[in-house]
Number of protein chains: 2
Amino acid sequence: MANIREIAKAAGVSITTVSRVLNGHPYVKEEKRKKVLETIERLEYARNMHAVHLSKGFSNMIGVVLPTISLPYFSELIEGIAEEAAKAGIHFALYQTNYQLEKEIFALEQLKQRQVDGLIFCSKAMSDEELLNWRETGPFILCQDSREQHFSTISIPHQEAFRCGLDFLIEKGHRKIAIGLARKNGVNSHFRLTAYKEALAAIGETYREDWVFERSLTITDGRKLFSEWSRMEEKPTAVFVANDQVSAGLYLEARHHNIDIPGKLAILSCDNQPISEVLGISTIEIKIKDMGRHAFRLLQKRISGHDPEKQIISYKLVKRLTV
Amino acid sequence: MANIREIAKAAGVSITTVSRVLNGHPYVKEEKRKKVLETIERLEYARNMHAVHLSKGFSNMIGVVLPTISLPYFSELIEGIAEEAAKAGIHFALYQTNYQLEKEIFALEQLKQRQVDGLIFCSKAMSDEELLNWRETGPFILCQDSREQHFSTISIPHQEAFRCGLDFLIEKGHRKIAIGLARKNGVNSHFRLTAYKEALAAIGETYREDWVFERSLTITDGRKLFSEWSRMEEKPTAVFVANDQVSAGLYLEARHHNIDIPGKLAILSCDNQPISEVLGISTIEIKIKDMGRHAFRLLQKRISGHDPEKQIISYKLVKRLTV
DNA sequence: CTGAAAGCGCTTACAG
DNA sequence: CTGAAAGCGCTTACAG
């Protein structure tokens, strides 16, 4: 395929001039510009971006690190990122980790090798302390809270939001409340658990470990959660789970077994995905797509040398029929 | 950041030798190899991949072109692609098009500029004829059927699969059957429509345009579909829709209005996502993730110079409670 | 406004 | 086994 030298020769100008036309520089006589453009068209020339990247030192590509894309939470987050990235003419590569540390390290190595200009961690397994070691490697941001001041973060105030949901349940008369968490060791789960313990303390209930369900992420997990609930001797009257997929599974399975909702079992979740609306499930709305959009802009700022900053995304209780 | 020259100097060897170590070439004295590795470690050296790509002429990165990632169909497809790509140590960039022609052209231009080594079209708006003009640009494959012999394709035999679903409905006594399609002008929709017309002809029913719902993709679309159904003077007794999201929306809304399913309204869809299992919706199972895996391998073959080939993914009728 | 030349950081025949 | 040198295809001060 043609390269810049051939274009220059064919158009009867210097390589420099071709490059100027390519990059939209001013100071090129209109006549020459036309000639060059014409030649490019005729020879079907396209720049070799590898050379451009080597020369310029960056690639206009960022990396998005996440456990899996098949959860609505993450695919919405990506949508938001993708939207802003497209506007800015920036590409992105996806690094699926399944929360495996080595996959996260792999992504960081890509950053080090300049494969990408920056990284967005949608969620991670690596500890903040460990990630701190990579600080000099290149710019990255987190879509979760961190007290580490060197990290730019965008997050939902999970503790506060979760507490808001718990208080709503309590206000509705519930005292026997179980919760479902996405991961055992995630940051978000940590904050939610804290909110849970605080809320229990506030109403004088004791914390029961068997009322904290873990690894609840999918519809299928929600269905399993119902089985566990129904096998319990002493049953919680309300279950507050991590996302609408879980609540959908739980709700549908419960309905299937003719459980009175919210009479016998109240259900609350987070996200406000379409499915929760169809099913009439009460939920805490989180604007995930917005978070993705902001995440991208935040990374852009870091890439262009701004100091780290912390951003917060708002949430909102959506009352429907399951509480 | 350190470059290969500094490593060479610090290790007391030539640049060539460092490169050999980096690339795992044989013929490097163990002693030197160790020394180089040590130096790399000490200086925290990482290759600048832009230079590697320029030198080698490829980037180990492919592009995945798709309308949106927030539909389960596509996110599963990506999962399959991602899985194989990770095994092969290949990255991928996502190009979301929303079926906009210029976005698809953009992706093809990236290919031309060597930004990616190849392209997987998960679904596209561009016609086969137009895409044919890009044949010389670089390797790409389609995840849909095409009679164009120059394209590698992997596909579900949509016409056959859809007919299988229709025959199942007919066998159950339905004659007034409506269908829902994802897009008006998609290839898949075309095949499904053909199957529909053939099935109607086979039972001597006339084709009614108002019984073909279009743009039915999401849960919300499924709910709308129910409203349309309920407003109809003459109601179809069965609706066969494009995916489990739509059938879920339709089913839930119908249940909400106390419609007897399948007595008053039979529902069938395609995919067999978890949600169809939870709701007990009959569906045609399509192994989308498998398709993604094979799609990646198919592209790999094209990239390494193999001739185009056509692959088919199997399907299976899953009988549950809605028919 | 224009061009010759150095530089980006690798890989890889080629010669030893 | 090893290294000097050419080459990948651009960009960008610098000098005019």
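Order of the sequence lines fixes the chain letters, A, B, ..., with proteins taken first and strands second; residue numbering starts at 1 for each chain. Atom set for the values below is all heavy atoms of this structure, side chains included, hydrogens, waters and symmetry mates excluded. Model, not experiment: these values are computed from the prediction.
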Enquirer: What is the distance, to the nearest angstrom, from the NE2 atom on H50(A) to the C1' atom on dC10(C)?
Expert: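 Spelled out: NE2 on H50(A) to C1' on dC10(C) is 13 Å.
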Enquirer: Can you work out whether S19(A) or R5(A) has the more 5'-proximal nearest nucleotide on DNA chain D?
Expert: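 First, find each residue's nearest nucleotide; the 5'-ward one identifies R5(A).
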Enquirer: Can you tell me if N23(B) touches the phosphate of dT11(C), counting only side-chain N or O atoms and a distance under 4.0 Å to OP1 or OP2?
Expert: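 Yes, because at least one side-chain N or O of N23(B) sits under 4.0 Å from OP1 or OP2 of dT11(C).
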Enquirer: Quick check against the 3.5 Å criterion: does T153(A) have a side-chain atom that pairs as donor or acceptor with the backbone of C143(A)?
Expert: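 Between the backbone of C143(A) and the side chain of T153(A) there is no qualifying donor-acceptor contact (under 3.5 Å).
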Enquirer: Show your reasoning for whether side-chain hydrogen bond (donor to acceptor under 3.5 Å, both in side chains) applies to S123(A) and Y73(A).
Expert: CA-CA 11 Å; S123(A) 182; Y73(A) 176 88; over 6 Å; no
Enquirer: Give the C-alpha distance, both sets of side-chain angles, the deciding distance and a yes or no for side-chain hydrogen bond (donor to acceptor under 3.5 Å, both in side chains) between T68(A) and S70(A).
Expert: CA-CA 6 Å; T68(A) 169; S70(A) 59; 3.1 Å; yes
Enquirer: Let's test this: given Watson-Crick or G-U wobble pairing with both distances under 3.5 Å, identify the partner of dA4(C).
Expert: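 Here dA4(C) is not engaged in any pair, so there is no nucleotide opposite it.
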Enquirer: Pick from I78(B), N98(B), I81(B): which one makes a side chain to side chain contact (heavy atoms under 4.5 Å, CB included) with L66(B)?
Expert: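 One option only clears the test, and that one is I78(B).
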Enquirer: Does the side chain of N3(B) get closer than 4.0 angstrom to OP1 or OP2 of dG9(C) through an N or O atom?
Expert: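 The answer is yes; a side-chain N or O of N3(B) sits under 4.0 Å from OP1 or OP2.
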Enquirer: Side chain of V52(B), heavy atoms from C-beta onward: which of dC10(D), dT11(C), dG3(D) has the nearest atom to it?
Expert: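 Among the listed nucleotides, the one closest to the side chain of V52(B) is dT11(C).
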Enquirer: Out of dC10(D), dT2(D), dG9(C), which nucleotide sits closest to the side chain of A51(A)?
Expert: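 Nearest to the side chain of A51(A) among the choices is dC10(D).
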Enquirer: What integer distance in Å separates I40(B):CD1 from dC10(C):C1'?
Expert: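 Atom CD1 in I40(B) sits about 13 Å away from atom C1' in dC10(C).
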Enquirer: Of all the choices, dC10(D), dT2(C), dT12(D), which nucleotide is nearest to the side chain of T17(A) once you look at every atom?
Expert: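 Closest nucleotide to the T17(A) side chain: dT2(C).
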Enquirer: Does a side-chain N or O from K56(A) land closer than 4.0 Å to OP1 or OP2 of dG7(C), or not?
Expert: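 So the side chain of K56(A) is outside the cut-off, no N or O lying under 4.0 Å from OP1 or OP2 of dG7(C).
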Enquirer: Of S55(B) and T16(B), whose nearest nucleotide on DNA chain D comes first from the 5' end?
Expert: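 Of the two residues, T16(B) wins.
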Enquirer: Can a donor-acceptor pair under 3.5 Å be found between the side-chain atoms of R20(B) and the base atoms of dG3(D)?
Expert: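 Indeed, a donor on one side and an acceptor on the other fall under 3.5 Å apart.
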Enquirer: dC10(C), OP1 or OP2 - any side-chain N/O from Y45(B) closer than 4.0 Å?
Expert: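 Answer is yes, contact under 4.0 Å.
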Enquirer: Tell me the interatomic distance from F58(B), atom CZ, to dC8(D), atom P, rounded to whole angstroms.
Expert: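 Those two atoms, CZ and P, are 16 Å apart.
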Enquirer: Check every atom of dG3(C), dG3(D), dC1(D) against the side chain of S14(A) and return the nucleotide holding the closest atom.
Expert: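 Output: dG3(C).
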Enquirer: Is the backbone of E309(A) close enough, under 3.5 Å, to the side chain of S152(A) for a donor and an acceptor to pair up by distance?
Expert: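 Flag set: sc S152(A) to bb E309(A) pair under 3.5 Å.
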Enquirer: Using whole Å, report how far CD1 of I4(B) lies from P of dC8(C).
Expert: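 It is 14 Å, rounded to the nearest whole Å.
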Enquirer: What is the distance, to the nearest angstrom, from the CD1 atom on I15(B) to the P atom on dG7(C)?
Expert: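 To the nearest whole Å, that distance equals 14 Å.
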Enquirer: Mind checking the C1' distance from dG16(C) to dT12(C)? Whole angstroms is fine.
Expert: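 Per the computed distance, 16 Å lies between those C1' atoms.
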Enquirer: Under the ring-ring contact (aromatic ring centres under 6.0 Å, His included) test against F140(B), which residue among W134(B), F151(B), Y95(B) passes?
Expert: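 Output: one option passes, namely F151(B).
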Enquirer: Rounded to whole angstrom units, what separation is found between the CZ atom of R114(A) and the C1' atom of dG9(C)?
Expert: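 From R114(A) CZ to dG9(C) C1': 9 Å.
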Enquirer: Look at the side-chain N and O atoms of K32(B) and state whether any lies under 4.0 Å from the OP1 or OP2 oxygen of dT2(D).
Expert: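 Yes, K32(B) has a side-chain N/O under 4.0 Å of OP1/OP2 on dT2(D).
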Enquirer: Round to a whole Å and report the spacing from CG of L54(A) to C1' of dT11(C).
Expert: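 So the two atoms are 12 Å apart, to the nearest Å.
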Enquirer: Using whole Å, report how far NZ of K35(A) lies from P of dT2(C).
Expert: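 Roughly 14 Å, once rounded to whole Å.
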